[in-house]
Amino acid sequence: ANTAWAFATLSLPDSDLMDEILAEVISKVNDFATQNLANTAWAFATLSLPDSDLMDEILAEVISKVNDFATQNLANTAWAF
């Protein structure tokens, strides 16, 4: 999540790296804290690298953890969709 966020913050859409991050996120998204979910969704949206499988996985986790989100993280996640 932090690497994706950093690349998005710097506007560096390295597609090979982001593809690797994508695969890892999908396999581990159940373990992500709310800020990691928000940062990852924001990063992929910011870089215009939409992936429906990724966003579906993030959405399922957001729904299950929605009461744990800080307001800013929830806003960033909503923006990404």
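The residues of the chain are indexed from 1 along the displayed sequence. Everything numeric here is computed off the predicted structure, so don't read it as measured data.
- Applying the side-chain hydrogen bond (donor to acceptor under 3.5 Å, both in side chains) definition to pairs two or more places apart or across chains, those involving residues 49-62 are E61-K65.
- When all heavy atoms are compared, the tightest approach of T77 to N73 is OG1-O, 2.8 Å.
- A38 and F69 get closest at one heavy-atom pair: CB-CE2, 4.5 Å.
- Using a 4.5 Å heavy-atom cutoff, the side chains of L74 and W79 are not in contact.
- Between N76 atom CG and T46 atom OG1 the span is 8.5 Å, to the nearest 0.5 Å.
- Here the CD1 atom belonging to I21 is positioned 10.0 Å from the CG atom belonging to L49, to the nearest 0.5 angstrom.
- Taking every heavy atom of both residues into account, A80 and A41 meet most closely at CB-O, 3.3 Å.
- Nearest heavy-atom pair, M18 versus F7, reported as atom, atom and distance to 0.1 Å: SD-CB, 4.5 Å.
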